[in-house]
Amino acid sequence: MPRRPATEDAEHRLLAKGRALHDRGVIVMKFGGTSVGDARSIRQVVEIVRQQHSRQPVVVVSAHAGVTDALLAMAASATGGGADTGAIAERHRTILRELGLPADLLDPLLAELQDLARGLRLVGAASPKALDLLASYGERCCARTVAAALRAGGIPAQAIDAFAAGLRTDSAYGRARPLPDDGRILHALVAVQGVPVVTGFIASDEHGNITTLGRNGSDYSAALFGVAVRAEEIQIWKDVDGVRTADPKLVPMAKPIRSMSFEEVCELASFGSKVLHPAAMVPAMTSGIPILVRNTQEPAAPGTRIEATAVKDRPAVRAIAHRTKMALVTVSSQRLVPQHAFLARVFAELHELSADIGPVAVSEAALTLALDEATAEAALTRLGALGEVRIERDQAVVGVVGDPRAIEAGGAAAVFAALSAAGIPVRCGGQGAPGGTLAIVVPSSELRRTVTLLHERFFA
Ligand code: ADP
Ligand code: ASP
Ligand code: MG
């Protein structure tokens with residue numbers, strides 16, 4: 001029988017694998033920074049992947065915990081003439097050594113990183129484009145280490161950068177938005193031999209420049225890859241046993257929530273809960289793919305299942321979310337224009353800054369709103385042209401997430417009564433329709449007390 005040419009053979013294999021993927025289903029398993037933070041955790045990841053190897057996992061990883069922060073801090077010092085990649089390189093080599101992998105595995109990437117740091121030092125400034133390129137080394141190194149650890153554990157695996165896997169975005173560096181996928185992601189992943197270990201957080205634009213999806217963006221990456229391969233489920237492995245009724249770092253007693261709807265988690269994430277990236281819900285929700293949040297350190301724990309169906313018998317209040325590093329900005333109108341024109345101008349300026357706006361309070365001639373600290377500082381000069389501006393720094397937003405009707409029917413009153421009895425000043429607040437969240441602004445110094453108190457009030 002005549003042999004098919006090699007390329008045709010490869011194409012044939014790919015098509016067969018693509019069909020098999022769809023017939024047998026495939027899952028996405030995303031491991032966050034802490035889950036790949038050191039050699040011990042990575043060994044745990046290898047075991048978790050091994051247990052589900054027959055489900056054809058596509059693995060997505062973040063950088064090792066703290067590496068993205070270290071890379072961005074290095075950029076800041078590069079502009080001041082510093083920038084030493086030594087500590088970052090050593091961190092990666094230590095993990096490799098502790099895993100029994102060749103310590104020079106990442107040398108080509110680490111050498112590139114060193115060149116880039118030298119470049120930044122010479123230029124004395126880092127553009128958003130350069131920052132994204134710099135930040136990308138965290139995920140690119142980690143994916144190679146995790147793939148090598150899987151292979152060393154007897155699981156065939158190969159690292160692939162998200163840009164090589166076809167994830168494209170616009171060129172909004174630092175906060176890029178994905179472009180529609182035309183099937184190229186599935187095509188790229190099917191071609192990978194063994195388990196693909198894909199970089200979270202990063203992608204590339206249409207000119208081939210590396211972009212990032214924003215801090216903590218690898219949950220979002222996991223959702224985008226899950227949709228692209230039409231996964232049966234998207235598992236997000238973290239250092240907590242699922243979504244809880246509050247951040248366990250503030251309220252150690254917070255209880256795990258077994259089942260949530262996409263809407264509830266969107267609400268929780270948009271009110272600051274760090275547990276899942278706010279954008280990650282949307283692609284999974286539109287494709288109807290369930291998301292499971294699981295604990296790498298306790299793989300037997302059920303975690304949280306997030307899906308489209310409304311949760312039966314859900315409690316009136318689901319969770320207490322919070323967001324730190326906020327500021328309150330008050331703009332007072334000089335009354336030269338009518339109130340509606342004044343408000344329109346303020347919001348036009350905030351639109352220019354792509355501001356994420358927290359609770360807002362409007363009076364006849366003034367507007368108070370919560371913004372994250374960086375946006376608030378940037379807004380000061382712009383808003384100064386419209387009236388007198390005042391800023392209160394060191395604020396936090398706390399969100400009581402739940403059933404809107406329950407919050408209206410006494411929940412909101414209970415929140416204000418509890419805080420007033422404890423002498424905690426509430427600076428600004430509001431309930432957004434149709435979401436069921438009551439959001440309030442309190443001084444950062446009162447954050448822990450506020451969250452603990454509200455948690456006790458609704459979950460004791
Ligand atoms: P990863 O980097 O692994 O993706 P993150 O550190 O970004 O994980 O998110 C997990 C953290 O989110 C937890 O350690 C916890 O402190 C925090 N968190 C905030 N709110 C919640 C909540 N409601 N439930 C669980 N964890 C929460
Ligand atoms: N490593 C990136 C960050 O620290 C992305 C992520 O962890 O999700 O922001
Ligand atoms: Mg994270």
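In listed order, ligands and their atoms are each counted from 1.
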Considering non-hydrogen atoms of the protein only, which is the closest contact for [atom], and what is the distance?
atom	value
atom 6 (O) of ligand 1	Lys274 NZ, 3.2 Å
atom 2 (O) of ligand 1	Gly33 N, 3.5 Å
atom 3 (O) of ligand 1	Gly32 CA, 3.2 Å
atom 20 (N) of ligand 1	Ser273 OG, 3.1 Å
atom 10 (C) of ligand 1	Asp239 OD1, 3.6 Å
atom 15 (C) of ligand 1	Asp247 OD1, 3.2 Å
atom 8 (O) of ligand 1	Lys238 NZ, 3.3 Å
atom 14 (O) of ligand 1	Lys249 NZ, 2.8 Å

Which heavy atom of Pro196 sits nearest to which heavy atom of Pro57, and what is that distance?
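Nearest pair, atom of Pro196 first, then Pro57: CD-O, 3.6 Å.
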I'd like to check which ligand 1 atoms, numbered from 1 as shown, lie under 4.0 Å from a non-hydrogen atom of [X].
X	value
Val243	24 (N)
Pro248	25 (C), 26 (N), 27 (C)
Arg244	22 (C), 23 (N), 24 (N), 25 (C)

Would you check whether Gly33 reaches within less than 4.0 Å of ligand 2, judged by its heavy atoms?
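It does not, in that no heavy atom of Gly33 comes within the 4.0 Å cut-off of ligand 2.
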Can you find a non-hydrogen atom of [X] under 4.0 Å from ligand 1?
X	answer
Ala319	no
Ser62	no
Gly242	yes
Ala246	yes
Lys30	yes

Output the distance between atom [atom1] ([X]) and atom [atom2] ([Y]), rounded to the nearest 0.5 Å.
X	Y	atom1	atom2	answer
Ile185	Phe225	CD1	CZ	5.5 Å
Ile391	Leu328	CD1	CG	9.0 Å
Ile210	Asp132	CD1	CG	9.0 Å

Near [X], which atoms of ligand 2 are under 4.0 Å from a heavy atom of that residue?
X	result
Thr68	1 (N), 2 (C), 3 (C), 4 (O)
Glu139	1 (N), 2 (C), 5 (C)
Arg215	3 (C), 4 (O), 9 (O)
Ser62	6 (C), 7 (O), 8 (O)

When you look at Lys238 and Asp241, which way does the salt bridge (Lys or Arg N to Asp or Glu O under 4.0 Å) test go after all the steps?
CA-CA 8 Å; Lys238 298 201 172 247; Asp241 50 353; over 6 Å; no
Select the closest option to atom 6 (C) of ligand 2 among Gly214, Ala222, Ser218, judged by heavy-atom distance.
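That would be Ser218.
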If you take the nearest heavy atom of each of Leu268, Asn216, Val275, which one is closest to atom 27 (C) of ligand 1?
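Among Leu268, Asn216, Val275, the closest heavy atom to atom 27 (C) of ligand 1 comes from Val275.
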Heavy-atom distances under 4.0 Å decide this one: backbone, side chain, both or neither, for Arg323 against ligand 1?
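Neither part.
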Does [X] reach the side chain of [Y], with side-chain heavy atoms less than 4.5 Å apart?
X	Y	answer
Lys325	Asp372	no
Trp237	Met29	yes
Met253	Pro248	no
Leu72	Leu131	yes

As a quick check of understanding, evaluate salt bridge (Lys or Arg N to Asp or Glu O under 4.0 Å) for Glu446 and Arg427, giving each step before the final call.
CA-CA 12 Å; Glu446 296 288 4; Arg427 285 289 293 106; over 6 Å; no
Using a plain distance cutoff, I'd like to know if [X] has any nitrogen or oxygen under 3.5 Å from a nitrogen or oxygen of ligand 1.
X	value
Thr245	no
Ser35	no
Trp237	no

When only distance counts, is Lys30 in polar contact with ligand 2, meaning an N/O pair under 3.5 Å?
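No.
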Salt bridge (Lys or Arg N to Asp or Glu O under 4.0 Å) between Asp69 and Arg215, worked out:
CA-CA 10 Å; Asp69 285 335; Arg215 293 307 307 270; 3.1 Å; yes
Per the side-chain contact (heavy atoms from CB on, under 4.5 Å) rule, which among [options] passes with [X]?
X	options	result
Thr437	Val401, Leu268, Val317, Val400	Val401
Val36	Thr145, Val146, Ile95	Val146
Thr85	Leu116, Leu113, Asp115, Leu134	Leu113

Check whether Arg168 reaches the backbone of Pro178 with its side chain - one donor and one acceptor, N or O, closer than 3.5 Å.
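Pair absent, no side-chain N/O of Arg168 close to backbone of Pro178.
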Keeping Ser270 on the side-chain end and Glu267 on the backbone end, is there a donor-acceptor pair under 3.5 Å?
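Side chain of Ser270 to backbone of Glu267, a donor-acceptor pair under 3.5 Å: yes, one is there.
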Step by step, work out the salt bridge (Lys or Arg N to Asp or Glu O under 4.0 Å) result for Glu112 and Arg140.
CA-CA 12 Å; Glu112 269 181 51; Arg140 289 156 78 189; 3.7 Å; yes
Does ligand 2 have a heavy atom under 4.0 Å from the side chain of His277, from its backbone, from both, or from neither?
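No part of His277 is near ligand 2 at this cut-off.
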